[in-house]
Amino acid sequence: MLQKQKKLLVVANWKMTPATLAEASKKARSFVDISKKYKKTPKSNVVLQVLVCPPFPLISDIKNIFGNSGALVGAQDVSLFEIGSKTGEVSAGLISSIGASYSIVGHSERRAMGDTDDIVAIKLGQVLSTKMSAIVCIGESERDADGAYLEVIKKQLKSSLARMSNSDFARLVIAYEPVWAIGKKDNIALTGHELHQMVIYIRKVLRDLYNDTIASSVKILYGGSVNSANSEDIIWNGEVDGLLIGRASFEPKSYEEICQSIVLPTISEGNVKNRQKISDLKNSLKNRKKDSVLHDKKEVLAKKKISKVGFSKLKTTQAAKKPAKKINPKKKTSKRK
Ligand code: PGA
(Lines give C-alpha, C1' and ligand atoms only; values in the text may rest on other atoms or scores of the structure.)
Protein backbone atom coordinates (compact mmCIF):
# COMPACT_ATOMS: atom_id res chain seq x y z
CA MET A 1 0.00 0.00 0.00
CA LEU A 2 1.29 3.49 -0.82
CA GLN A 3 2.39 5.75 2.00
CA LYS A 4 1.00 9.22 2.71
CA GLN A 5 1.61 11.56 -0.23
CA LYS A 6 4.73 13.69 0.04
CA LYS A 7 4.82 17.12 -1.61
CA LEU A 8 8.23 18.30 -2.74
CA LEU A 9 9.06 21.87 -3.68
CA VAL A 10 11.26 21.97 -6.77
CA VAL A 11 12.58 25.51 -7.22
CA ALA A 12 14.07 26.69 -10.51
CA ASN A 13 16.42 29.58 -9.76
CA TRP A 14 16.89 31.07 -13.22
CA LYS A 15 19.44 33.60 -11.86
CA MET A 16 20.21 36.18 -14.57
CA THR A 17 18.76 34.11 -17.44
CA PRO A 18 17.29 33.93 -20.03
CA ALA A 19 18.33 36.80 -22.25
CA THR A 20 14.92 37.81 -23.60
CA LEU A 21 11.23 37.82 -22.76
CA ALA A 22 10.51 35.66 -25.82
CA GLU A 23 12.92 33.01 -24.65
CA ALA A 24 11.57 33.13 -21.11
CA SER A 25 7.98 32.77 -22.32
CA LYS A 26 8.86 29.71 -24.36
CA LYS A 27 10.56 28.09 -21.38
CA ALA A 28 7.69 29.02 -19.08
CA ARG A 29 5.24 27.19 -21.36
CA SER A 30 7.34 24.04 -20.99
CA PHE A 31 7.28 24.48 -17.22
CA VAL A 32 3.47 24.55 -17.40
CA ASP A 33 3.54 21.10 -19.02
CA ILE A 34 5.98 19.84 -16.41
CA SER A 35 3.83 21.18 -13.59
CA LYS A 36 0.69 19.51 -14.98
CA LYS A 37 2.55 16.24 -15.33
CA TYR A 38 3.97 16.15 -11.81
CA LYS A 39 1.39 17.90 -9.67
CA LYS A 40 -0.62 14.66 -9.71
CA THR A 41 1.18 11.36 -10.05
CA PRO A 42 -1.56 8.79 -9.45
CA LYS A 43 0.75 5.80 -9.03
CA SER A 44 3.29 7.59 -6.89
CA ASN A 45 3.34 8.76 -3.31
CA VAL A 46 5.08 11.99 -4.27
CA VAL A 47 3.81 15.12 -6.02
CA LEU A 48 5.92 18.04 -7.11
CA GLN A 49 5.30 21.76 -6.68
CA VAL A 50 6.99 23.60 -9.55
CA LEU A 51 8.29 27.06 -8.59
CA VAL A 52 10.20 29.24 -11.05
CA CYS A 53 12.17 32.24 -9.78
CA PRO A 54 13.05 34.38 -12.83
CA PRO A 55 14.58 37.87 -12.90
CA PHE A 56 12.16 40.59 -11.66
CA PRO A 57 10.92 41.90 -15.05
CA LEU A 58 9.70 38.43 -16.05
CA ILE A 59 7.59 37.65 -12.98
CA SER A 60 4.39 39.17 -14.28
CA ASP A 61 4.51 37.58 -17.75
CA ILE A 62 5.42 34.19 -16.36
CA LYS A 63 2.62 34.39 -13.83
CA ASN A 64 0.20 34.94 -16.73
CA ILE A 65 1.61 32.03 -18.68
CA PHE A 66 1.36 29.77 -15.63
CA GLY A 67 -2.30 30.73 -15.11
CA ASN A 68 -3.97 28.02 -13.06
CA SER A 69 -1.60 25.24 -14.14
CA GLY A 70 -0.40 24.85 -10.57
CA ALA A 71 3.11 26.16 -11.34
CA LEU A 72 4.16 29.07 -9.13
CA VAL A 73 6.42 32.02 -9.74
CA GLY A 74 8.76 33.63 -7.23
CA ALA A 75 11.49 36.25 -6.90
CA GLN A 76 15.21 35.78 -6.31
CA ASP A 77 15.51 38.63 -3.83
CA VAL A 78 13.66 41.65 -2.43
CA SER A 79 14.74 45.08 -1.30
CA LEU A 80 15.37 45.61 2.38
CA PHE A 81 13.36 48.82 2.04
CA GLU A 82 9.61 48.99 1.96
CA ILE A 83 9.08 51.89 -0.46
CA GLY A 84 10.49 55.30 -1.41
CA SER A 85 13.51 56.96 -3.00
CA LYS A 86 15.71 53.91 -3.32
CA THR A 87 16.85 53.87 -6.94
CA GLY A 88 17.14 50.43 -8.44
CA GLU A 89 15.42 48.63 -5.56
CA VAL A 90 12.32 46.43 -5.90
CA SER A 91 10.04 46.08 -2.90
CA ALA A 92 8.54 42.84 -1.59
CA GLY A 93 5.09 44.44 -1.71
CA LEU A 94 5.38 45.18 -5.44
CA ILE A 95 6.75 41.71 -6.18
CA SER A 96 3.88 40.11 -4.32
CA SER A 97 1.32 42.32 -6.09
CA ILE A 98 2.45 41.09 -9.53
CA GLY A 99 1.90 37.46 -8.61
CA ALA A 100 4.98 36.06 -6.86
CA SER A 101 4.18 33.44 -4.24
CA TYR A 102 7.71 33.10 -2.86
CA SER A 103 10.94 35.03 -2.65
CA ILE A 104 14.42 33.74 -2.06
CA VAL A 105 16.52 35.75 0.41
CA GLY A 106 20.13 35.36 1.44
CA HIS A 107 21.27 33.44 -1.62
CA SER A 108 25.05 33.03 -1.43
CA GLU A 109 25.45 35.06 -4.63
CA ARG A 110 23.61 37.96 -2.90
CA ARG A 111 25.59 37.42 0.30
CA ALA A 112 28.76 37.67 -1.81
CA MET A 113 27.47 41.05 -3.03
CA GLY A 114 27.08 42.33 0.51
CA ASP A 115 23.99 40.81 2.13
CA THR A 116 24.93 40.15 5.75
CA ASP A 117 22.87 38.00 8.12
CA ASP A 118 21.31 41.22 9.46
CA ILE A 119 20.28 42.33 5.98
CA VAL A 120 18.89 38.87 5.30
CA ALA A 121 16.84 39.12 8.50
CA ILE A 122 15.38 42.46 7.37
CA LYS A 123 14.64 41.17 3.86
CA LEU A 124 12.98 38.12 5.38
CA GLY A 125 10.76 40.46 7.39
CA GLN A 126 9.87 42.33 4.18
CA VAL A 127 8.86 39.11 2.42
CA LEU A 128 6.77 37.93 5.34
CA SER A 129 5.03 41.30 5.61
CA THR A 130 3.37 40.37 2.27
CA LYS A 131 1.42 37.22 1.42
CA MET A 132 4.57 35.56 0.06
CA SER A 133 6.52 32.71 1.60
CA ALA A 134 10.28 33.04 2.03
CA ILE A 135 13.12 30.74 1.07
CA VAL A 136 16.10 31.61 3.25
CA CYS A 137 19.43 30.30 2.01
CA ILE A 138 22.14 29.24 4.41
CA GLY A 139 25.37 27.34 3.78
CA GLU A 140 29.00 27.23 4.75
CA SER A 141 31.78 28.37 2.38
CA GLU A 142 34.02 25.47 3.21
CA ARG A 143 34.07 22.25 5.17
CA ASP A 144 36.75 21.86 7.79
CA ALA A 145 37.73 18.69 9.61
CA ASP A 146 37.03 20.22 13.04
CA GLY A 147 33.39 20.92 12.25
CA ALA A 148 33.59 24.72 12.48
CA TYR A 149 31.16 24.83 9.55
CA LEU A 150 28.44 23.64 11.91
CA GLU A 151 28.92 26.83 13.94
CA VAL A 152 28.64 28.86 10.72
CA ILE A 153 25.28 27.24 10.00
CA LYS A 154 24.07 27.81 13.55
CA LYS A 155 25.06 31.49 13.45
CA GLN A 156 23.42 32.02 10.05
CA LEU A 157 20.19 30.45 11.28
CA LYS A 158 20.18 32.39 14.53
CA SER A 159 20.88 35.78 12.96
CA SER A 160 18.90 35.41 9.74
CA LEU A 161 15.77 34.28 11.62
CA ALA A 162 16.25 36.73 14.51
CA ARG A 163 13.25 38.89 13.56
CA MET A 164 10.80 36.05 13.00
CA SER A 165 7.81 35.48 15.22
CA ASN A 166 6.70 31.90 15.83
CA SER A 167 3.59 32.29 13.67
CA ASP A 168 5.74 33.26 10.64
CA PHE A 169 7.37 29.86 10.46
CA ALA A 170 4.50 28.36 8.47
CA ARG A 171 5.70 30.51 5.53
CA LEU A 172 9.40 29.79 5.95
CA VAL A 173 11.47 27.42 3.84
CA ILE A 174 15.16 26.91 4.54
CA ALA A 175 17.45 26.14 1.63
CA TYR A 176 20.69 24.52 2.70
CA GLU A 177 23.17 25.39 -0.01
CA PRO A 178 26.82 24.73 0.82
CA VAL A 179 28.59 27.53 -1.06
CA TRP A 180 31.41 25.20 -2.12
CA ALA A 181 28.87 23.05 -3.99
CA ILE A 182 27.11 25.83 -5.90
CA GLY A 183 27.80 26.31 -9.59
CA LYS A 184 30.60 23.78 -9.70
CA LYS A 185 31.74 22.64 -13.14
CA ASP A 186 32.29 19.08 -11.99
CA ASN A 187 28.91 19.09 -10.24
CA ILE A 188 30.18 18.38 -6.74
CA ALA A 189 27.17 17.92 -4.50
CA LEU A 190 26.71 16.41 -1.07
CA THR A 191 25.72 12.78 -1.00
CA GLY A 192 22.28 12.04 0.34
CA HIS A 193 23.68 10.59 3.57
CA GLU A 194 25.95 13.59 4.20
CA LEU A 195 23.01 15.84 3.54
CA HIS A 196 20.79 13.90 5.93
CA GLN A 197 23.24 14.66 8.74
CA MET A 198 22.97 18.37 7.95
CA VAL A 199 19.19 18.20 7.88
CA ILE A 200 19.20 16.58 11.32
CA TYR A 201 21.62 19.26 12.53
CA ILE A 202 19.53 22.14 11.17
CA ARG A 203 16.40 20.72 12.84
CA LYS A 204 18.34 20.37 16.10
CA VAL A 205 19.42 24.03 15.96
CA LEU A 206 15.81 25.06 15.28
CA ARG A 207 14.67 22.93 18.22
CA ASP A 208 17.22 24.62 20.49
CA LEU A 209 16.27 28.09 19.23
CA TYR A 210 12.49 27.60 19.02
CA ASN A 211 10.52 24.42 19.67
CA ASP A 212 9.80 20.89 18.48
CA THR A 213 6.90 21.85 16.23
CA ILE A 214 8.92 24.46 14.34
CA ALA A 215 11.95 22.18 14.14
CA SER A 216 10.02 19.31 12.64
CA SER A 217 7.66 21.23 10.37
CA VAL A 218 9.92 23.72 8.59
CA LYS A 219 10.63 22.64 5.02
CA ILE A 220 14.30 22.18 4.18
CA LEU A 221 15.54 22.21 0.59
CA TYR A 222 18.94 21.36 -0.79
CA GLY A 223 20.75 23.39 -3.43
CA GLY A 224 24.18 23.16 -5.04
CA SER A 225 24.96 21.39 -8.31
CA VAL A 226 21.75 19.37 -8.35
CA ASN A 227 21.27 17.36 -11.53
CA SER A 228 19.35 14.31 -12.67
CA ALA A 229 22.19 12.01 -11.63
CA ASN A 230 22.23 13.06 -7.98
CA SER A 231 18.68 14.27 -7.32
CA GLU A 232 17.20 10.89 -6.42
CA ASP A 233 19.89 10.30 -3.77
CA ILE A 234 19.57 13.86 -2.46
CA ILE A 235 15.80 13.64 -2.05
CA TRP A 236 15.36 10.10 -0.79
CA ASN A 237 18.52 9.67 1.30
CA GLY A 238 18.95 13.32 2.21
CA GLU A 239 15.35 13.50 3.48
CA VAL A 240 14.85 17.04 2.27
CA ASP A 241 11.54 18.56 1.24
CA GLY A 242 12.70 19.71 -2.15
CA LEU A 243 15.46 21.23 -4.26
CA LEU A 244 16.78 24.66 -5.21
CA ILE A 245 18.18 24.17 -8.68
CA GLY A 246 20.34 26.67 -10.52
CA ARG A 247 21.93 25.74 -13.84
CA ALA A 248 20.00 22.52 -14.34
CA SER A 249 16.77 24.54 -14.22
CA PHE A 250 17.72 26.92 -17.02
CA GLU A 251 16.51 24.36 -19.55
CA PRO A 252 13.09 22.74 -19.08
CA LYS A 253 14.50 19.44 -20.31
CA SER A 254 17.14 19.09 -17.59
CA TYR A 255 14.66 20.37 -14.97
CA GLU A 256 12.16 17.74 -16.05
CA GLU A 257 14.80 15.01 -15.93
CA ILE A 258 15.33 15.90 -12.27
CA CYS A 259 11.57 15.75 -11.62
CA GLN A 260 11.42 12.39 -13.31
CA SER A 261 14.33 10.99 -11.31
CA ILE A 262 12.64 11.99 -8.05
CA VAL A 263 9.24 10.57 -8.87
CA LEU A 264 10.33 7.48 -10.80
CA PRO A 265 11.69 5.40 -7.92
CA THR A 266 8.23 5.34 -6.40
CA ILE A 267 6.33 4.37 -9.56
CA SER A 268 8.70 2.57 -11.91
CA GLU A 269 7.95 -0.92 -13.12
CA GLY A 270 11.32 -2.04 -11.80
CA ASN A 271 10.51 -0.72 -8.40
CA VAL A 272 7.17 -2.46 -8.32
CA LYS A 273 8.98 -5.68 -9.21
CA ASN A 274 11.56 -5.03 -6.51
CA ARG A 275 8.82 -4.40 -3.97
CA GLN A 276 7.21 -7.70 -5.02
CA LYS A 277 10.56 -9.46 -4.65
CA ILE A 278 11.06 -7.98 -1.20
CA SER A 279 7.60 -8.99 -0.06
CA ASP A 280 8.10 -12.55 -1.47
CA LEU A 281 11.38 -12.74 0.40
CA LYS A 282 9.75 -11.54 3.62
CA ASN A 283 6.98 -14.13 3.25
CA SER A 284 9.40 -16.94 2.63
CA LEU A 285 11.45 -15.87 5.66
CA LYS A 286 8.27 -15.83 7.75
CA ASN A 287 7.37 -19.33 6.55
CA ARG A 288 10.87 -20.56 7.23
CA LYS A 289 10.66 -19.13 10.71
CA LYS A 290 7.29 -20.83 11.23
CA ASP A 291 8.76 -24.13 9.99
CA SER A 292 11.74 -23.83 12.26
CA VAL A 293 9.49 -23.01 15.23
CA LEU A 294 7.43 -26.10 14.43
CA HIS A 295 10.57 -28.11 14.03
CA ASP A 296 11.89 -26.80 17.35
CA LYS A 297 8.57 -27.62 19.04
CA LYS A 298 8.70 -31.17 17.66
CA GLU A 299 12.27 -31.52 18.88
CA VAL A 300 11.36 -30.26 22.37
CA LEU A 301 8.43 -32.70 22.52
CA ALA A 302 10.66 -35.52 21.38
CA LYS A 303 13.28 -34.66 24.00
CA LYS A 304 10.59 -34.49 26.70
CA LYS A 305 9.44 -37.90 25.59
CA ILE A 306 12.99 -39.23 25.87
CA SER A 307 13.43 -37.95 29.40
CA LYS A 308 10.00 -39.29 30.41
CA VAL A 309 10.30 -42.80 29.13
CA GLY A 310 13.99 -43.20 29.77
CA PHE A 311 16.63 -44.05 27.21
CA SER A 312 16.41 -47.86 27.41
CA LYS A 313 12.64 -47.90 27.09
CA LEU A 314 12.80 -45.58 24.11
CA LYS A 315 15.36 -47.85 22.48
CA THR A 316 13.01 -50.75 22.95
CA THR A 317 10.10 -48.76 21.60
CA GLN A 318 12.11 -47.77 18.58
CA ALA A 319 13.27 -51.30 18.04
CA ALA A 320 9.71 -52.52 18.33
CA LYS A 321 8.63 -50.08 15.67
CA LYS A 322 11.17 -51.45 13.22
CA PRO A 323 10.00 -54.13 10.83
CA ALA A 324 10.53 -57.54 12.44
CA LYS A 325 12.46 -59.01 9.54
CA LYS A 326 15.31 -56.57 9.95
CA ILE A 327 16.08 -57.72 13.45
CA ASN A 328 18.49 -60.57 13.80
CA PRO A 329 18.25 -61.68 17.44
CA LYS A 330 21.11 -64.17 17.08
CA LYS A 331 23.56 -61.57 15.93
CA LYS A 332 22.45 -59.23 18.67
CA THR A 333 23.04 -61.87 21.37
CA SER A 334 26.46 -62.79 20.09
CA LYS A 335 27.49 -59.13 19.96
CA ARG A 336 26.52 -58.50 23.54
CA LYS A 337 28.68 -61.34 24.68
P1 PGA B 1 23.58 25.37 -9.13
O2 PGA B 1 23.03 26.65 -8.34
O3 PGA B 1 22.48 24.35 -9.14
O4 PGA B 1 23.91 25.87 -10.50
O5 PGA B 1 24.77 24.88 -8.40
C6 PGA B 1 22.27 26.50 -7.18
C7 PGA B 1 21.87 27.85 -6.66
O8 PGA B 1 22.61 28.81 -6.90
O9 PGA B 1 20.84 27.99 -6.01
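When reading the values below, keep in mind they use all heavy atoms of this one structure, side chains included, and skip hydrogens, waters and symmetry mates. All residue numbers refer to positions in the sequence shown, counting from 1. Atoms within each ligand, like the ligands themselves, are counted from 1 in listed order.
Taking only nitrogen or oxygen atoms, main chain and side chain alike, Gly183 reaches within less than 3.5 Å of ligand 1. In terms of N/O distances under 3.5 Å, ligand 1 is approached by Gly246. For ligand 1, one of its N or O atoms has an N or O atom of Lys15 under 3.5 Å away.
Those atoms of ligand 1 that come under 4.0 Å of a heavy atom in Gly224, given as number and element, are 5 (O). Within the listing of ligand 1, atoms 1 (P), 3 (O), 5 (O) sit less than 4.0 angstrom from a heavy atom of Ser225. Applying the 4.0 Å criterion to heavy atoms of Leu244 picks out, from ligand 1, the atoms 9 (O).
Side-chain N/O atoms of Asp168 and Ser165 include a donor and acceptor closer than 3.5 Å. In summary, the side chains of Tyr176 and Glu140 do present a donor paired with an acceptor at a separation below 3.5 Å, with no hydrogens or angles considered. Thr191 and Glu194 share a side-chain donor-acceptor pair at under 3.5 Å. Ser69 and Ser35 share no donor-acceptor pair across their side chains, judged by distance under 3.5 Å alone.
Atom NZ of Lys154 has 12 or fewer neighbouring heavy atoms from other residues, nucleotides or ligands inside a 6.0 Å radius. The environment of Lys39 atom NZ is dense: over 12 non-hydrogen atoms of other residues, nucleotides or ligands sit within 6.0 angstrom.
Contacts of Ile182 with ligand 1, taken as heavy-atom pairs under 4.0 Å, involve both backbone and side chain. Within the 4.0 Å heavy-atom criterion, the part of His107 lying near ligand 1 is the side chain and not the backbone.
Nearest protein neighbour of atom 4 (O) of ligand 1, counting heavy atoms only, is Arg247 NE, 2.6 Å. The shortest contact between atom 9 (O) of ligand 1 and any protein heavy atom is with Glu177 OE2, 2.7 Å.
The only member of Lys123, Lys158, Arg111 that meets salt bridge (Lys or Arg N to Asp or Glu O under 4.0 Å) when paired with Asp117 is Arg111.
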